[in-house]
J.: 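Could you have a look at this structure, given as structure tokens, before my questions?
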Amino acid sequence: MRPAGPARLVGSVAAGAVALLLGLAGCGLVPGSVTPVDDVEFTNELAIPPLAPSRMVDGTRVFSLTAQEGTTELLPGVETRTWGFDGSYLGPTLRAERGERVAVEVTNDLPEATSVHWHGMHLPAAMDGGPHQEVEPGATWRPTWEIDQPAATLWYHPHPHGATEKHVYRGLAGLFLLDDDASSAADLPQEYGVDDVPVVVQDKVLDDDGQLELSDNGSEPGTLGGIVLANGTVGAYHEVTTERVRLRLLNGSTARTYQLGFPDREMDLVATDGGLLDAPVRLEQVRLAPGERAEVVVRLEPGETTRLHSFEADLGGVVVPFAMGGNDAFDVLELRAADSLAPSPEPAWTPSAHTDHDALRESDAAITREFELDDRHINGRTMDMGRVDEAVTVGDTEVWEVRSIVPMPHTFHVHDVQFRVLSVDGDPPPPELAGPKDTVYLEPNRAYRLLMRFEDYTDADVPYMFHCHMLLHEDEGMMGQFVVVEPGQDVGTVPEHGAGHDDGTGHDDGAAPASGTGPRYVPGADAHQGHH
Ligand code: C2O
Ligand code: CU
């Protein structure tokens with residue numbers, strides 16, 4: 001079932017892009033970029049997503065999130081119709097500690113079904129919020145799980161079948177920060193919104209009426225917008241009051257890859273998608289494809305101003321980088337240091353008590369699976385909700401060897417686990433891929449060997465997803481499904497539609513009782529209390 005051969009190396013989309021290049025070249029019109037970002041003044045204070053309130057119910061930390069419609073002034077004086085959680089654009093920042101049990105009451109006040117996926121989270125498949133856990137309009141979904149992974153900057157966003165790009169683009173996304181013993185004791189800026197600052201980077205296109213447009217401007221990764229936002233703020237600045245500031249960078253865009261850094265200084269990379277590195281790494285730039293995160297610590301002198309910049313992104317060997325955003329360079333966020341700065345320590349931390357348990361060892365890997373990506377296929381297939389592509393045995397450590405065989409930008413994201421990049425085409429990974437990852441940019445025609453372990457949470461009937469995180473590609477089927485089963489267990493029956501399609505209440509989705517002892521929050525047992 002795996003068509004192969006050189007003919008697939010240039011698929012139809014690649015051929016289209018080549019035709020575009022040749023056409024433009026023929027007219028003598030090869031542009032610097034077909035997807036430039038507008039110059040703006042940096043005069044708007046950076047919005048900081050509020051920390052989500054929570055309440056304790058029988059030992060469970062319970063949050064609620066309501067997906068709703070609204071309007072937002074993305075550009076001054078322009079009312080743009082947007083979607084958000086508990087507000088008109090983006091959502092509050094959820095925060096919990098390793099070892100805590102959490103629950104989220106997800107209410108859908110939108111006119112259509114959505115879902116909320118906890119990107120980067122290790123949790124049971126029924127709680128994962130993918131296309132099998134859609135929430136109908138008016139319904140509330142109540143997933144619950146125990147936080148059992150290192151401190152990290154995770155995020156949440158909708159994942160409805162075939163409509164993820166639209167839902168995220170309209171504004172549905174937020175951060176989910178995890179803390180642990182190592183992160184709490186670390187010498188790192190810790191004050192949320194002050195010196196520990198979330199930065200959700202996104203790009204938009206507005207039409208003549210000031211409304212969000214998913215424009216097919218010929219850029220193969222999807223819409224590449226000329227308006228760049230940080231936490232929904234265009235031309236944002238942040239007042240810095242400490243010698244060092246920690247930026248939790250999230251590429252929350254649907255398609256654009258950023259190459260973030262400061263033209264006038266280096267920064268310390270301290271964490272990747274799934275948590276802290278072994279030690280800080282000094283670097284100049286970090287490339288972030290959609291879905292990826294990086295935590296960096298930047299040093300400022302009193303009274304100075306600098307800007308987080310997106311350099312021309314190195315997309316690897318893609319054709320026509322000028323049509324993929326690869327030639328775009330622009331500022332993202334201005335940092336303005338006060339005249340006197342409170343001291344901050346040099347970034348440092350000691351390993352978590354869980355480090356040995358969490359460690360992934362290549363010698364434990366018994367199985368290697370191969371994944372080959374072309375224009376919209378993974379291993380020659382497009383997404384089928386009723387088909388399980390891979391069955392993994394619980395407890396196994398595996399190597400997933402992933403390669404894109406087309407000269408186009410793609411990424412690879414795996415639900416449920418954080419993986420370690422063992423090698424890129426046989427070479428050790430660069431520092432920005434050296435920590436725990438759940439999403440990786442695939443430079444064309446290079447083999448990425450990813451090491452991961454499927455520790456627990458078997459469910460033969462509910463799959464997790466793996467996919468390209470360029471959301472147009474994902475919606476167009478560049479996704480597959482895997483289940484985690486007991487040794488020897490058969491794959492169950494996976495419904496072709498999410499349960500949300502069937503019962504409209506959403507109350508039963510993922511409401512399996514928690515195992516273990518002690519008091520437990522029972523999903524659905526306490527009445528919905530509205531949102532805060
Ligand atoms: Cu961030 Cu399957 O997604
Ligand atoms: Cu892709």
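Just the heavy atoms: all of them, side chains too, but no hydrogens, waters or symmetry mates, feed the values below. These numbers come from a predicted model, not from an experiment. Counting convention: from 1, in listed order, for ligands and their atoms alike.
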J.: Rounded at 0.5 Å granularity, tell me how far CD in Glu455 sits from CG in Leu360.
T.: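 It is 8.5 Å, given to the nearest 0.5 Å.
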J.: Would you say the side chains of His167 and Thr114 form a donor-acceptor pair under 3.5 Å?
T.: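 A pair is found: one side chain offers a donor N or O, the other an acceptor, under 3.5 Å apart.
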J.: Can you pull the side-chain hydrogen bond (donor to acceptor under 3.5 Å, both in side chains) pairs that have at least one residue in residues 170-179, sequence neighbours excluded?
T.: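 Checked against side-chain hydrogen bond (donor to acceptor under 3.5 Å, both in side chains) - neighbours excluded - the pairs reaching residues 170-179 are Arg95-Asp179.
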J.: What protein N/O/S atoms are there under 2.8 Å from atom 1 (Cu) of ligand 1, waters excluded?
T.: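 His119 ND1, His157 NE2, His469 NE2, with waters left out.
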J.: Quick check, are the ring centers of Phe466 and Trp400 under 6.0 angstrom apart?
T.: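 Distance test on ring centres: under 6.0 Å, yes.
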J.: Can you list the steps and then say if Val104 with Val116 is a side chain to side chain contact (heavy atoms under 4.5 Å, CB included)?
T.: CA-CA 10 Å; Val104 192; Val116 178; over 6 Å; no
J.: When the aromatic ring centroids of His467 and His415 are compared, is their separation below 6.0 Å?
T.: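 Yes, the ring of His467 comes within the 6.0 Å limit of the ring of His415, centre to centre.
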J.: Return yes when atom CZ of Arg81 has more than 12 non-hydrogen atoms of other residues, nucleotides or ligands closer than 6.0 Å, and no otherwise.
T.: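 Incorrect, the count does not exceed 12.
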J.: Just one of His117, His413, His469 clears the ring-ring contact (aromatic ring centres under 6.0 Å, His included) bar with Trp155, so which one?
T.: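 It is His469, the one option of His117, His413, His469 that forms the ring-ring contact (aromatic ring centres under 6.0 Å, His included) with Trp155.
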J.: Could I get the full list of side-chain contact (heavy atoms from CB on, under 4.5 Å) partners for Asp396, not counting sequence neighbours?
T.: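 Per chain and number, Asp396 pairs via side-chain contact (heavy atoms from CB on, under 4.5 Å) with Ile367, Thr393, Glu398.
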J.: Protein N, O or S atoms at less than 2.8 Å from the Cu ion (ligand 2), how many?
T.: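 That number is 3, waters not included.
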J.: What angle, in degrees and rounded to 10°, do you get at atom 2 (Cu) of ligand 1 when you join it to NE2 of His415 and to NE2 of His467?
T.: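 Vertex at atom 2 (Cu) of ligand 1: approximately 110°.
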J.: Less than 4.0 angstrom from a charged side-chain N to a carboxylate O is my criterion; do Glu390 and Arg369 meet it?
T.: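 Looking at Arg369 together with Glu390, the answer is yes, because their closest N to O distance falls below 4.0 Å.
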